[in-house]
Structures are given as C-alpha cells and as structure tokens.
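Only one structure is covered here, and it is reproduced in the block below.
Atoms considered below: every heavy atom in the structure, side chains included; atoms not considered: hydrogens, waters and symmetry mates. Small disclaimer: the values here were computed from a predicted structure and weren't measured.
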Amino acid sequence: MAQKRINKALLELTQGDITHQKVDAIVNAANSGLLGGGGVDGAIHRAGGPKILEECKEIRATKGKCPTGEAVITSAGKLKAKYVIHTVGPIWSGGKDHEPELLANAYRNSLKLAAQYEIITIAFPSISTGVYSYPVEHASVIALRTVANFLKTETSIELVRFVLFDVKTYNAYKKAINNL
C-alpha cells in the first residue's frame with residue numbers, strides 16, 4: 001500500500017475490490033445513463049442491490065442523464081459504505097476530445113459532492129481506464145494530481161483511497177503518487 005499525506009488528508013493506494021471498502025462513500029465509474037453496466041459499475045450495482053438502481057432511476061427522471069465529468073450521489077444499498085457517488089468519465093479517443101479535462105472534472109466533482117455531504121472517507125476506482133480505454137499511465141497522473149490539488153484547499157476529507165483492481169493499474173498509480 002502506498003500513501004501520501006496532503007494537508008491533513010491521507011491519500012492512499014490499495015489493490016482490491018471497491019465494493020468491499022468500509023468508507024463513507026465509494027465512487028462509481030458510471031455511464032451517463034446511470035442504469036448500471038459492466039466493470040466497476042456492474043459490480044457496485046450487483047453488490048449494493050436494487051436500492052442503488054432505484055435511486056439512479058429517480059435521478060434520471062428528475063435531472064436526466066449524467067453528463068461526462070459530472071457526478072450524482074445515492075445511498076449505498078447493501079454496501080459497507082453509506083453513499084455511492086456516480087461519476088461519468090470520458091471515453092478515450094486519443095485525447096482530442098478534451099478527455100484530460102473531463103477526467104479531472106469527474107474526480108473534482110465527486111470530491112465536491114463528498115465535501116457537500118460531509119463525507120470524511122472516500123474510495124475511488126481508476127475512472128475510465130477499463131472499458132472506456134483511457135491509458136492508465138495518463139489517467140493515474142490526472143487522478144492523483146486532481147485529488148491532491150483538491151485536498152490542498154478542502155480540509156473536511158480525511159482519507160482518499162484509490163482501490164485499484166489489478167497489478168498493472170496499481171503500479172501505474174504507485175509511479176504517479178511517487179511523482180506527486
């Protein structure tokens with residue numbers, strides 16, 4: 001496990017399954033439809049049960065789809081967390097469609113929502129690096145830099161944990177955290 005203190009917050013990396021995290025909120029790498037899917041999104045919906053999907057459907061009915069880079073919040077159903085923050089990362093298309101800015105916004109807007117809901121501990125997956133094909137070497141730098149910059153001014157969050165599914169992703173994030 002790699003760690004770095006930023007202000008009074010601890011930024012840490014671990015390899016594992018985000019659905020098993022006992023934190024105030026876990027972040028879901030959702031699609032804009034908010035109706036579940038594959039990867040992290042499917043795992044969170046399966047582990048959390050139908051309550052998460054019901055709340056996502058309510059959000060869709062009142063606000064519509066969730067645009068790329070934005071975030072919404074639901075309860076966590078049967079998960080150990082209290083909340084799920086659903087954010088939509090960009091689909092990689094070579095970097096020519098503002099992907100770096102959109103990815104940074106997904107992390108930043110998730111953290112803003114966490115602060116608004118007085119969330120003290122939060123766990124992130126590696127957003128957009130699965131089926132959305134964002135290169136993990138680039139995504140890890142954007143993710144960690146965005147979180148670190150947020151933590152320099154926001155002091156209510158005490159722990160940001162990146163829960164990385166495989167060794168390749170963990171190693172990319174470890175290299176990026178060492179270069180922060």
Side-chain angles (χ1 to χ4, degrees), residues 1-31 37-44 47 68-71 80-81 84-115 119-180:
M1 182 184 301
Q3 297 179 330
K4 188 170 201 100
R5 187 149 299 277
I6 300 185
N7 220 350
K8 72 172 199 171
L10 186 62
L11 177 59
E12 70 179 26
L13 311 177
T14 189
Q15 190 182 341
D17 182 340
I18 198 163
T19 65
H20 298 159
Q21 298 300 306
K22 190 171 178 12
V23 290
D24 294 335
I26 63 171
V27 177
N28 179 18
N31 60 57
V40 171
D41 194 15
I44 288 172
T68 303
E70 297 301 317
K80 293 176 184 172
V84 176
I85 296 173
H86 307 264
T87 191
V88 182
I91 297 170
W92 180 253
S93 60
K96 61 187 178 303
D97 289 332
H98 306 286
E99 293 99 310
E101 296 91 343
L102 291 167
L103 184 60
N105 284 344
Y107 285 101
R108 194 177 304 108
N109 288 325
S110 295
L111 290 165
K112 284 180 183 174
L113 209 48
I119 289 164
I120 295 170
T121 58
I122 185 170
F124 280 96
S126 181
I127 297 168
S128 287
T129 61
V131 294
Y132 284 8
S133 302
Y134 207 113
V136 70
E137 297 76 19
H138 299 299
S140 59
V141 172
I142 292 166
L144 292 169
R145 186 176 52 223
T146 302
V147 169
N149 287 340
F150 187 87
L151 293 174
K152 286 176 185 171
T153 57
E154 176 56 56
T155 59
S156 65
I157 298 171
E158 295 175 8
L159 172 69
V160 177
R161 178 181 298 144
F162 279 85
V163 183
L164 307 160
F165 191 68
D166 59 31
V167 174
K168 177 184 183 250
T169 306
Y170 177 84
N171 288 337
Y173 274 77
K174 189 171 180 187
K175 182 178 177 188
I177 202 171
N178 289 335
N179 292 329
L180 262 185

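- In this structure, CZ on Arg161 lies 6.0 Å from CE on Met1, to the nearest 0.5 angstrom.
- Between Gly37 and Asn31, the closest heavy-atom pair is CA-ND2, 4.3 Å.
- The closest side-chain heavy-atom distance from Glu70 to Val88 is not below 4.5 Å.
- The nearest pair of heavy atoms linking Ala115 to Ile157 is N-CD1, 4.4 Å.
- Between Leu113 and Thr87 there is no side-chain heavy-atom pair separated by less than 4.5 Å.
- Considering OG1 of Thr19 and CD1 of Ile44, their distance stands at 7.5 Å, rounded to 0.5 Å.
- Lys8 places a side-chain N or O within donor-acceptor distance of the main-chain N or O of Thr155, the cut-off being under 3.5 Å.
- Between Leu144 and Leu13, some side-chain heavy-atom pair lies under the 4.5 Å cut-off.
- Sorted by first then second residue, the side-chain hydrogen bond (donor to acceptor under 3.5 Å, both in side chains) pairs that include residues 125-140, not counting sequence neighbours, are Ser126-Thr129, Ser126-Tyr173.
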Criterion side-chain contact (heavy atoms from CB on, under 4.5 Å) on Leu159 and Ile120, from CA distance to verdict: CA-CA 7 Å; Leu159 172 69; Ile120 295 170; over 6 Å; no
When you look at Ile119 and Ile85, which way does the side-chain contact (heavy atoms from CB on, under 4.5 Å) test go after all the steps? CA-CA 11 Å; Ile119 289 164; Ile85 296 173; 4.2 Å; yes
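- Here the closest heavy-atom approach between residue Ile122 and residue Val23 is recorded as N-CB, 4.3 Å.
- In this structure, Lys4 places its NZ atom where more than 12 heavy-atom neighbours from other residues, nucleotides or ligands lie under 6.0 Å away.
- Asn28 places no side-chain N or O within donor-acceptor distance of the main-chain N or O of Val84, the cut-off being under 3.5 Å.
- Separation of atoms CG (Leu102) and CD (Glu99) is listed at 7.5 Å; rounding is to 0.5 Å.
- To the nearest 0.5 Å, the span separating CG on Asn109 from CZ on Phe150 amounts to 9.5 Å.
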Evaluate the side-chain contact (heavy atoms from CB on, under 4.5 Å) criterion for residues Lys152 and Ile6: first the C-alpha distance (whole Å), next the side-chain angles of each, then the deciding distance (0.1 Å), finally the verdict. CA-CA 7 Å; Lys152 286 176 185 171; Ile6 300 185; 4.0 Å; yes
Does the side-chain contact (heavy atoms from CB on, under 4.5 Å) test come out yes or no for Leu111 and Glu154, once each step is laid out? CA-CA 9 Å; Leu111 290 165; Glu154 176 56 56; over 6 Å; no
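- The structure places NE2 of His20 at 6.5 Å from NZ of Lys80, a figure rounded to the nearest 0.5 Å.
- The aromatic rings of Phe124 and Phe162 lie parallel to each other, with less than 30° between the two planes, well short of the 60° mark.
- Ile177 and Gln3 get closest at one heavy-atom pair: CD1-C, 4.3 Å.
- Between the OG1 atom of Thr14 and the CG atom of Leu164 there is a distance of 8.0 Å, given to the nearest 0.5 Å.
- Between Phe165 and Pro125, every side-chain heavy-atom pair lies at or beyond the 4.5 Å cut-off.
- Proximity of Leu11 to Leu180: side-chain heavy atoms (C-beta onward) are separated by under 4.5 Å at one or more points.
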